[in-house]
Amino acid sequence: MKKSNLWWALGAVAAGAAFFLAGLLWETRLSAILCGAGGGCFFNGAVQLRRYVKWTRPENAAAYRERLEQEQIDLRDERKEMLRNKSGRYAYLLGLAVCCAAIFLFSVLGILGVLEGYRPVILFLGAYVVFQYAAGIVIYRRLERRC
């Protein structure tokens with residue numbers, strides 16, 4: 001692995017620790033967000049650091065080379081590239097339809113006075129991001145089996 005991966009991982013761990021400490025030490029409305037961002041950055045960096053240590057060991061060098069070769073083949077495979085593009089388009093169209101339905105639903109709920117505050121919208125958008133990612137993967141796998 002490249003040395004830049006190590007530096008990015010160490011930077012993410014340091015940024016995560018800094019955000020987490022800032023969230024714990026400062027009593028503001030943003031403390032929870034700072035702690036969450038800190039945890040996310042810290043654990044992301046820790047996972048990257050673990051991968052770096054694993055793949056830079058001499059006994060894993062051959063397996064890492066094979067993995068890189070297979071990754072390059074997969075990236076340049078025309079069929080897989082076409083399927084990635086197609087699944088991305090379908091996931092985009094599905095997400096667009098969900099956004100339009102959500103706009104309508106939140107508007108109606110706001111007019112009726114059922115929805116007050118921002119929390120449901122934030123929770124919906126978080127769930128939407130997960131849904132969009134999962135939809136892209138599911139659509140890609142279905143297209144791969146079909147083609």
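Bear in mind the structure is a predicted one, so any value in this text is a computation, not a measurement.
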Just jot down the side chain to side chain donor-acceptor pair (under 3.5 Å) partners of Lys86, sequence neighbours excluded, or say none.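 If we apply the side chain to side chain donor-acceptor pair (under 3.5 Å) test to Lys86, skipping adjacent residues, there are no hits.
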With sequence neighbours left out, what residues match Tyr64 under side chain to side chain donor-acceptor pair (under 3.5 Å)?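 Partners of Tyr64 under the side chain to side chain donor-acceptor pair (under 3.5 Å) test: none.
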Could you see if [X] belongs to whatever hydrophobic cluster contains [Y]? Use Ile, Leu, Val, Met, Phe, Trp, Tyr and a side-chain cutoff under 4.5 Å.
X	Y	result
Tyr133	Phe43	no
Leu105	Leu112	yes
Leu94	Phe104	yes
Val121	Val108	yes
Val138	Tyr90	no

Over all atoms of both residues, closest heavy-atom pair of [X] and [Y]:
X	Y	value
Ala17	Phe42	N-CD1, 4.4 Å
Cys41	Gly16	CB-CA, 3.5 Å
Thr56	Val53	OG1-O, 3.3 Å
Asn60	Lys54	ND2-O, 2.6 Å
Ala91	Ala135	CB-C, 4.5 Å
Glu116	Gly113	OE2-O, 3.5 Å

Are more than 12 heavy atoms, taken from residues, nucleotides or ligands other than [X], located less than 6.0 Å from that residue's [atom1] atom?
X	atom1	answer
Glu78	CD	no
Trp55	CH2	yes
Arg79	CZ	yes
Phe20	CZ	no

_For a quick check under 3.5 Å, do Asp74 and Gln70 share a side-chain donor-acceptor pair by atom type?_
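Judged by distance alone, the side chains do pair up.
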Rounded to the nearest 0.5 Å, how far apart are [atom1] of [X] and [atom2] of [Y]?
X	Y	atom1	atom2	result
Arg141	Leu83	CZ	CG	13.0 Å
Leu49	Asn44	CG	CG	11.0 Å
Leu68	Met1	CG	CE	8.5 Å
Arg84	Asp77	CZ	CG	8.0 Å
Asn85	Tyr140	CG	OH	10.5 Å

Is any side-chain heavy atom of [X] closer than 4.5 Å to a side-chain heavy atom of [Y]?
X	Y	result
Tyr52	Lys2	no
Leu93	Arg89	yes
Gln72	Arg76	yes

Which label fits Tyr128 and Phe124: parallel for a plane angle under 30°, tilted from 30 to 60°, or perpendicular past 60°?
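Rings of Tyr128 and Phe124: parallel, as their planes differ by under 30°.
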Q: Verify side chain to side chain contact (heavy atoms under 4.5 Å, CB included) between Leu143 and Arg146, making sure each step is shown before the conclusion.
A: CA-CA 5 Å; Leu143 288 172; Arg146 198 172 76 190; 3.6 Å; yes
